[in-house]
Number of protein chains: 2
Amino acid sequence: MKITYKTHFARDIKAELNGYVVILAGWVHIKRDLGGKKFLILRDKTGTVQLILTKGKTPQHIIEIFNKLTRESVIKVKGVVKASAKAPRGVEIEPLEIEVLSLAKTPLPVDVTGKVHADIDTRLNNRVLDLRRKENQAIFRIQDTTLKAIREKLRELGFIEVLTPKIIASATEGGAQLFPVLYFGREAFLAQSPQLYKELLASAFERVFEIGPAFRAEESDTPYHLSEFISVDIEAAFMNYLDVMNVLEEVIYHVLMKIRKENMEDLKILKYEEHFPKMRRPIKKITYNEAINILQEHKYPIEKGEDLSTPALRKLGEILDEEFYFVIDWPTSTRPFYTMPKRDNEERTESFDFVYKWLEIASGSTRIHERSLLEKQLIRQGLDPKNFEYFLKWFNWGMPPHAGWGLGLSRLMLILTGAKNVREVVLFPRDKKRLIP
Amino acid sequence: MKITYKTHFARDIKAELNGYVVILAGWVHIKRDLGGKKFLILRDKTGTVQLILTKGKTPQHIIEIFNKLTRESVIKVKGVVKASAKAPRGVEIEPLEIEVLSLAKTPLPVDVTGKVHADIDTRLNNRVLDLRRKENQAIFRIQDTTLKAIREKLRELGFIEVLTPKIIASATEGGAQLFPVLYFGREAFLAQSPQLYKELLASAFERVFEIGPAFRAEESDTPYHLSEFISVDIEAAFMNYLDVMNVLEEVIYHVLMKIRKENMEDLKILKYEEHFPKMRRPIKKITYNEAINILQEHKYPIEKGEDLSTPALRKLGEILDEEFYFVIDWPTSTRPFYTMPKRDNEERTESFDFVYKWLEIASGSTRIHERSLLEKQLIRQGLDPKNFEYFLKWFNWGMPPHAGWGLGLSRLMLILTGAKNVREVVLFPRDKKRLIP
């Protein structure tokens, strides 16, 4: 598509274009003044290209513009492409005109070239510069591929994309961790998950997915929690937890394949191409009971009934020697009220966590589809069925057996990029301390 | 993919499968008891298929199950496929087993077969049933294609998908219509649009898009406004308003093509296939001044400086005889502070509305990329630049020229489905009165 400000991107400039006049626009990445020769590395979303200015050859007014340019200033350059063995990628541009579109102030609070390290708070406070670093460009290109690949595979498996409300009247999973909203004089809340809506939708469309924000007033300050996060959710009628684990395996496998295919350069920028996850299929499934037994056999101090903490999962992942695995059949007491108990043991549920090494990426279950059992489980968890009547009434009118999962996009992004903190893979993270930018 | 509850969908059952044993699962759509022969129309997400029970041939226990089944009950059926000239689509199923998965209560508050009309409030209150109606199945399949097609075209044009926060510290476009959120003891707000974030992201990734919720405390009760809606947003560095109008034309044209290709049956269900929008390209552009002149010439009472009301747009659409058109170069006073004034006339802006007949679907503009001009426009609109410092400071560090637009997904869905009220094309609409389900 022809646009006003440029004819080419930096990456399009190749030696084959030798002699052509092109128009580029982008940011001043680096300036080097060697006296007789001056170099300007111009950066745009595709990468960089070198401009060369030569004393006595380049018009004086262009040299004057070069002299006053600061790093991160935005320029439009009309110039002639020159093949040159000495230039990066064998090509450079001799400018005929430089137009300054936006002159950046100095000093810059964050170094975009990546030579000067800044802590994460400084970087987030100046995200406009930080996101221009090549590592961040790589991360969010990988996220783009991830989003595309998830939707692609789910559509192929017969799921349709849905969009559910984020302002809701009452809590989905008990009352904790809710953000209150003042809604036309009434109290409402931000949705913690699309759980109840997606169950309803499964009873109308059978297979649905949603990728959207979810909100939890998360008090804990960890590298894995934010108060606003993107949840990837599916729900499927006529599937049980084994079926939706297969869906999850298919989806993640497709994501890994697509990133390897489309983002290899980005993985190299992140120095992650050798550490990028490998999936052994089918993914290993171990029961919660087996997990506890294995840990106990290896002298790890844990009792049945306890949740699997991060250190416990680290140990388990090492022992299993698997990158990806499912821990299934969790105790009823550890799962939400809508989780289906197992037929042969009501203390265990048809549920799973999806783990990468030691990090929980997704969790899911068969859901209860019988109203009477749902009411029983609500009471068992100390919740009042009356408060859930708007939800329970749906079960009067033909709720099919169904199952689903929710996956935290930013946790998936950690394993796809090698980042250590979800704040690195979220454009504008939100936590107890951070609301800006 | 093999799943637990079924081997086939209703649509897969064809006369060619004559003699095969299949397993289906779905809802009891209609029951007809003609004494010697009993018919059950089973519905799933792909359509319907007929079961036939014959006295003296079908086992008695299956007939007993048939007798107690209510409409919208969920069943799993194992049966033999029979080609039959008399059956719908030339094929039916002779059941060998019927398992009742969920027995629906009677009476149903909404008729899923569509014979009994219900008002929109009744339908929304019982959305679990309402969404099973074939018209709603069609609408949300069309939405799925729409979402897919928008992303497809934008990626093709070099845009990457981004996800910006919905909890924000301060207003984007002045202080009106904000929903307050209690955020860890502080006051925060729900985002009215991703405007400022997408501008920042354009300065890092050049071309970005987002499809996500936006929130406005909309007091007006119209068929075109909701307090929570899905906004399709793009922002592009090194483009002006003419460039992003081209992007919009490409996107909408692609959506129309894809729906014609993939959803013709759905358009027929909605009886909309003949009324479905046709786009004449390039889309006509008229300036705001021309629009006022044309209306005045046709004796429509309007003065320069006034906004174009819905009746004014209706008149304009008729006169122009165009389905799609752009009204461009709006008065500065009618547009947000970040809108670029025209070079030759600061009372007019580089802005546009995208209109279908008389309905505004999208609006956009070239944005101001110079800090000093932004400050001037803030003051002009009675806003205090100090409150926007977190935004203004980005403009210190190389903000490129940029432009973008925002499109209301539900308004687009009106013109793609023929629905008259956005509440028909949103799964769970939110307005001043409605917060449930």
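Reminder, nothing fancy here: chain letters follow the sequence lines and each chain counts from 1.
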Greatest number of non-hydrogen atom pairs under 4.5 angstrom with chain B, of A:Leu409, A:Leu108, A:Leu242, A:Leu201, falls to A:Leu201
Tell me if a side-chain donor or acceptor on B:Tyr183 pairs with a main-chain N or O of A:Pro180 at a distance below 3.5 Å.
no
Interface moiety of B:Met239 toward chain A, non-hydrogen atoms closer than 4.5 Å:
both
For the backbone of A:Leu147 and the side chain of B:Glu161, can you confirm whether one donor and one acceptor N or O come within less than 3.5 Å of each other?
no
Checking the side chain of A:Arg430 only, and the main-chain atoms of B:Pro165 only, is there a donor and an acceptor separated by less than 3.5 Å?
no
Looking at A:Leu101, is its backbone amide N or carbonyl O close enough to the side chain of B:Glu370 to form a donor-acceptor pair, meaning the two atoms are under 3.5 Å apart?
no
Part of A:Glu218 within contact of chain B (heavy atom distance under 4.5 Å):
backbone
Name the region of A:Arg133, side chain, backbone, both or neither, that has any atom closer than 4.5 Å to a heavy atom of chain B.
neither
Can you tell me which portion of A:Leu129 sits under 4.5 Å from chain B's heavy atoms? Options are side chain, backbone, both or neither.
side chain
Checking A:Trp397 against chain B: side chain, backbone, both or neither under 4.5 Å from a heavy atom?
both
So which part of A:Arg43 gets closer than 4.5 Å to some heavy atom of chain B, the side chain, the backbone, both or neither?
neither
Heavy-atom contact with chain A under 4.5 Å, split by part of B:Trp394:
both
Chain B contact via A:Lys76 - side chain, backbone, both or neither, heavy atoms under 4.5 Å
neither
